[in-house]
There are 2 protein chains.
Amino acid sequence: MAYRSPVADIRFILDKVVPLAPVAATERFAEATGDTVEAVLLEAGKLCDEVMAPLLRAGDLHPAKLENGVMRTSPGFKDAYAQIAEGHWVAVAASHEFGGMGLPQTLCVAINDMMSGANLALQLKPLLTQGQIEALEHHASDTLKALYLPKLISGEWSGTMNLTEPQAGSDVGALRSKAEPLGDGTYAITGQKIFISWGDSDMVENVCHLVLARLPDAVPGTKGISLFMVPKFLPDAAGNPGTANSLKVVSLEHKMGLHGSPTCVMSFEGATGWLVGEPGKGMAAMFTMMNNARLAVGVQGIGVAEGAYQKALAYAQERVQFAPIIEHADVRRMLAEMRADIFAARSIALACAVALDMGRATGEADWHARAALLTPIAKAYGTDVGIHVADQGIQVHGGMGFVEETGAAQYLRDVRVTAIYEGTNGIQAMDLVGRKMMDDGRAAFRLLQEVEDAAKAARETLPDLAEAVWQAAETMREATEGLIAQGTQDRFAGAVPYLRAFARVLGAHYHLKAALADEVRAKLAAVYIRRILPQTEADLASVRAGAVDLYALSPEDLGA
Amino acid sequence: MAYRSPVADIRFILDKVVPLAPVAATERFAEATGDTVEAVLLEAGKLCDEVMAPLLRAGDLHPAKLENGVMRTSPGFKDAYAQIAEGHWVAVAASHEFGGMGLPQTLCVAINDMMSGANLALQLKPLLTQGQIEALEHHASDTLKALYLPKLISGEWSGTMNLTEPQAGSDVGALRSKAEPLGDGTYAITGQKIFISWGDSDMVENVCHLVLARLPDAVPGTKGISLFMVPKFLPDAAGNPGTANSLKVVSLEHKMGLHGSPTCVMSFEGATGWLVGEPGKGMAAMFTMMNNARLAVGVQGIGVAEGAYQKALAYAQERVQFAPIIEHADVRRMLAEMRADIFAARSIALACAVALDMGRATGEADWHARAALLTPIAKAYGTDVGIHVADQGIQVHGGMGFVEETGAAQYLRDVRVTAIYEGTNGIQAMDLVGRKMMDDGRAAFRLLQEVEDAAKAARETLPDLAEAVWQAAETMREATEGLIAQGTQDRFAGAVPYLRAFARVLGAHYHLKAALADEVRAKLAAVYIRRILPQTEADLASVRAGAVDLYALSPEDLGA
């Protein structure tokens with residue numbers, strides 16, 4: 001069974017659940033008419049189904065490899081990437097000024113969802129470029145913009161982000177890479193970076209590395225970090241790739257999955273770089289890139305879940321044990337819950353994207369706050385759902401799920417990293433209960449109020465479901481009040497279950513909206529609200545427990 | 001950090017939580033004194049730590065392979081297996097008559113737990129032989145017993161079980177392999193079997209296949225299935241391996257994990273076989289083997305969870321991001337929950353083993369019923385915990401968890417199959433809510449009563465924890481009454497969440513017993529009872545929902 005991009009599901013959500021209409025009603029995104037949205041999704045979906053998806057297994061079986069300093073990518077990837085670039089799919093949300101389509105971020109998110117379901121390893125390459133484009137749009141000088149953006153947007157060049165060093169993972173501030181000013185406006189960048197996705201490839205003429213490093217007089221920690229553009233080939237006077245820069249891929253990681261995407265150890269050895277943004281403001285600039293990437297990674301989880309679900313659904317229809325196994329109650333349960341989870345996570349991600357677009361188009365603080373609140377939720381829940389659905393996809397396949405030829409296992413191996421990179425899901429949850437509650441929960445309470453209001457309004461039509469959602473939102477509101485009263489350590493101890501509970505309440509909210517619009521959706525909503533939403537209470541029990549019992553256990557008590 | 005067998009944890013459980021003392025007090029198991037138990041566990045633990053564990057990664061990197069018809073096993077496996085056999089570890093529970101140690105099954109389970117944590121792929125080989133020994137002890141003729149049991153028990157020969165065919169997985173009754181009587185008391189076995197673990201190896205002189213097949217006049221379905229012993233080499237007059245039988249390994253599966261264990265497609269081409277047990281009673285005989293194997297597979301999950309946990313704990317102590325990451329609340333939470341889950345699953349498995357031993361030693365129906373009830377719970381919960389803990393082990397490692405060199409990912413890839421083989425966890429749950437409730441829940445209610453009584457008795461000492469456990473058991477009792485009133489389809493729809501809820505109530509019960517015995521254990525019990533037990537209610541909501549909402553969704557509604 002071939003992968004089919006979920007165009008209809010996405011259109012339904014953008015029509016009835018998280019309407020795109022208000023975005024299209026703004027001056028900035030006036031081009032995003034219904035017709036344009038439909039055409040863009042259908043065309044992108046075709047590329048996903050016909051070009052990217054058929055290469056999924058080739059990427060797994062034939063990982064990118066380093067041969068005499070050249071990164072040979074998986075069979076078919078180079079040609080497929082060329083088609084992505086030719087179709088202008090690298091940067092649909094980039095501004096017109098340098099050749100982008102200027103479409104809402106929401107459409108970019110929808111396309112990334114479809115592409116992730118088709119081929120996660122390949123999709124990661126344009127995705128990284130998108131993040132770099134956004135960082136340059138916001139922080140680079142006009143000279144750098146003019147030089148790099150057209151090439152990145154066209155897909156001729158690609159982008160990477162270089163944060164992590166062996167000792168500096170979640171603690172980015174511990175990084176040691178150095179940038180020495182050379183007096184001519186450039187810097188000599190020296191250091192080693194790890195976990196650099198798509199650090200090189202044979203698919204583009206130049207690879208543009210955004211590298212975090214320290215200037216000689218930098219203060220310790222994150223405030224001493226600056227951002228540099230360090231291209232593989234230095235652009236010549238005409239802006240074409242010229243002299244090779246002093247940087248290289250040292251080695252590739254052997255990973256559990258995502259084999260088609262080379263994960264590089266990079267060495268910068270006095271490489272020439274250009275400052276992006278202000279000295280010491282590198283983290284702020286990188287956060288622009290990472291915020292984009294966090295939502296995008298959540299969407300990767302959702303896309304993979306979709307691919308895994310479609311494969312499991314097809315298998316459940318064709319595999320006969322007594323009857324087609326889709327007729328067995330437990331298999332039916334797994335499939336229904338998988339589909340309901342995907343709908344919830346996708347709606348949350350698109351709601352986050354709509355909030356981003358509304359924030360950009362209107363400048364209103366409430367939209368910015370909404371997007372900021374939803375970003376860690378979209379990232380962590382999307383990837384949790386990706387992992388859970390891929391795991392259940394294996395289970396639906398029975399013994400065949402453990403055999404690699406089937407393809408079910410690859411989804412789990414590929415998607416597993418999404419709960420880790422761009423900030424682990426634990427870090428996302430800490431962001432939610434920490435930074436995102438610094439408004440005393442204002443953005444959270446406003447969103448929960450909307451959930452309660454919508455549930456109240458649905459009481460006439462769908463009394464049972466509406467009541468359950470209202471109750472869950474009310475419980476979540478109380479839990480949020482309790483969380484805000486907690487100290488930092490207690491908050492952090494409950495961060496992951498708090499995020500998960502919030503996501504489920506939102507998922508139920510969007511399911512309820514869908515149920516009001518469509519009878520079939522109402523059946524799926526019932527599954528989510530009756531079977532998945534109740535887990536909220538268990539998660540909130542863990543939130544209320546705080547940290548005391550955890551720290552009562554010493555490392556020795558834990559067996560160390 | 002090297003793997004250390006959890007001898008102390010197992011001894012604590014057998015001492016304070018699920019006492020082995022009543023088993024040792026029976027005539028049959030009088031040898032199982034405290035000193036013997038300690039000596040056996042320490043010695044087996046040493047083998048696990050020093051011989052098996054160091055080969056874990058070699059098995060993953062260098063899978064067994066078929067070379068010119070010879071199965072070449074992973075580096076070091078042959079020598080390690082020889083040490084397992086020499087130490088008499090293949091069959092500690094086999095009867096003295098043919099060279100076994102005659103120890104309780106409980107000790108066998110404990111050793112399998114430790115071996116699984118050390119090296120799951122290698123452990124699977126003696127495990128399969130154990131199952132075969134038990135089937136032969138119960139069902140084979142004296143001639144077959146005398147010929148095969150000494151060789152199997154000594155480990156010179158090994159055993160496999162051949163059930164699955166391409167069209168016959170969970171529906172074993174659909175199998176088509178044939179057995180033609182040859183008139184001399186032997187049969188010609190013809191057919192293809194798939195997913196045969198350790199179908200061949202270079203580690204033993206003979207491989208003994210127990211094969212399910214149909215006699216010419218057999219009725220359709222499971223009642224027409226008979227069991228045959230089909231050795232790779234036909235024993236000669238002296239009982240040594242003679243002529244090669246007409247069977248072969250056709251190919252090996254490429255699996256997500258467990259690479260060190262060859263998973264074979266077997267072809268029997270008129271191979272000579274001997275009937276084991278009565279014609280048409282093959283399933284009953286095979287169930288003896290499978291019942292043993294189901295508990296053993298649950299224990300595989302627990303063992304792998306232990307290995308994954310130890311690795312994550314060590315990493316969390318040495319990895320510094322701001323502070324050693326074990327000091328971060330979310331990492332502490334993950335580790336504490338992992339350890340609490342392992343304790344719960346291990347206690348359930350050992351309780352099942354003790355019930356098995358008590359049933360054998362006393363012949364009492366209540367013990368048999370207890371063991372029968374606990375077997376599917378031990379299998380499914382043990383493997384669920386294995387998968388969840390291995391997954392969380394990756395998460396604790398952050399980016400390093402996705403890199404294969406670390407070893408965290410292998411645990412998840414290896415353990416994933418345990419929720420599938422020996423009957424998927426869905427099948428286990430259907431067994432629990434179907435066959436195991438045919439006594440109108442008598443065995444279940446009796447166990448829940450014990451949980452409630454123990455909770456009541458603990459109220460003085462640990463009021464909060466005891467109250468939570470009592471309440472959960474009471475809720476579980478009501479849910480069980482509700483379940484019994486449901487029709488089959490509704491029961492099956494809620495089977496998996498019902499099993500999970502039952503397991504958590506039992507896990508909490510054993511944690512409470514541990515808490516009464518030891519202050520450190522009480523801290524871990526608090527984590528389980530406050531953070532994990534509350535999930536019971538969510539699972540029971542799903543049980544109460546029945547099947548209606550699931551079947552309201554047609555395949556088309558599900559996206560087909």
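Below, read A as the first sequence line, B as the second, and so on, with proteins coming before strands; counting in each chain starts at 1. Every heavy atom of this structure was used, including side-chain atoms; hydrogens, water molecules and symmetry mates were not.
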For chain A, the option from [options] that forms the most heavy-atom pairs under 4.5 Å:
options	result
B:Leu533, B:Leu524, B:Asp391	B:Asp391
B:Pro555, B:Ala526, B:Ala174	B:Pro555
B:Val520, B:Val417, B:Asp330	B:Val417
B:Glu537, B:Gln535, B:Arg4, B:Gln395	B:Gln395
B:Met334, B:Glu327, B:Met430	B:Glu327
B:Gly257, B:Pro6, B:Gly173, B:Ala409	B:Gly257

* Verify side-chain contact (heavy atoms from CB on, under 4.5 Å) between A:Val403 and B:Met256, making sure each step is shown before the conclusion. => CA-CA 6 Å; A:Val403 172; B:Met256 182 187 182; over 6 Å; no

With a 4.5 angstrom heavy-atom cut-off, could you sort out which part of [X] is near chain A: side chain, backbone, both or neither?
X	answer
B:Ile532	neither
B:Leu313	side chain
B:Thr164	neither
B:Gln410	neither
B:Val320	backbone
B:Met400	both
B:Tyr309	side chain
B:Arg413	both

* **Electrostatic pair A:Lys523-B:Asp549, nearest N-O below 4.0 angstrom** =>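 Answer for the salt bridge query: no.
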
* Below 4.0 angstrom, N of the basic side chain to O of the carboxylate: do B:Asp557 and A:Arg339 qualify? ->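 No, this pair does not count.
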
* Asked: Around atom CD of A:Glu556, are there more than 12 heavy atoms of other residues, nucleotides or ligands at under 6.0 Å?
  ->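 Atom CD in A:Glu556 is crowded, with more than 12 foreign heavy atoms closer than 6.0 Å.
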
* Within 6.0 Å of CD in A:Glu318, more than 12 heavy atoms from elsewhere ->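 Correct, the count exceeds 12.
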
Against chain B, label [X] side chain, backbone, both or neither, depending on which of its atoms sit under 4.5 Å from a heavy atom there.
X	result
A:Glu337	side chain
A:His397	neither
A:Ala336	both
A:Ile194	neither

Verify, without hydrogens or angle tests, whether [X] (side chain) and [Y] (backbone) share a donor-acceptor contact under 3.5 angstrom.
X	Y	value
B:Tyr421	A:Gly398	no
B:Gln317	A:Ala560	no
A:Gln321	B:Asp171	yes

Select, from [options], the one with the greatest count of heavy-atom pairs under 4.5 Å involving chain B.
options	result
A:Ala547, A:Ala495, A:Ala419	A:Ala419
A:Gly399, A:Ala314, A:Ala316	A:Gly399
A:Thr424, A:Ile326, A:Val527	A:Val527
A:Pro497, A:Ser554, A:Ala493	A:Ala493
A:Val496, A:Asp9, A:Leu412	A:Val496
A:Ala168, A:Gly559, A:Gly426	A:Gly559

To the nearest 0.5 angstrom, please state how far the [atom1] atom of [X] sits from the [atom2] atom of [Y].
X	Y	atom1	atom2	result
B:Arg319	A:Ser170	CZ	OG	7.5 Å
B:Leu335	A:Leu553	CG	CG	10.5 Å
B:Leu550	A:Arg530	CG	CZ	10.0 Å

* **Between B:Arg332 and A:Gln489: side-chain donor-acceptor atoms closer than 3.5 Å** => no

* Test applied, side-chain contact (heavy atoms from CB on, under 4.5 Å); reference residue, A:Phe402; option that passes from B:Glu253, B:Arg416, B:His254 ->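 With A:Phe402 as partner, side-chain contact (heavy atoms from CB on, under 4.5 Å) holds for just one option, B:Arg416.
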
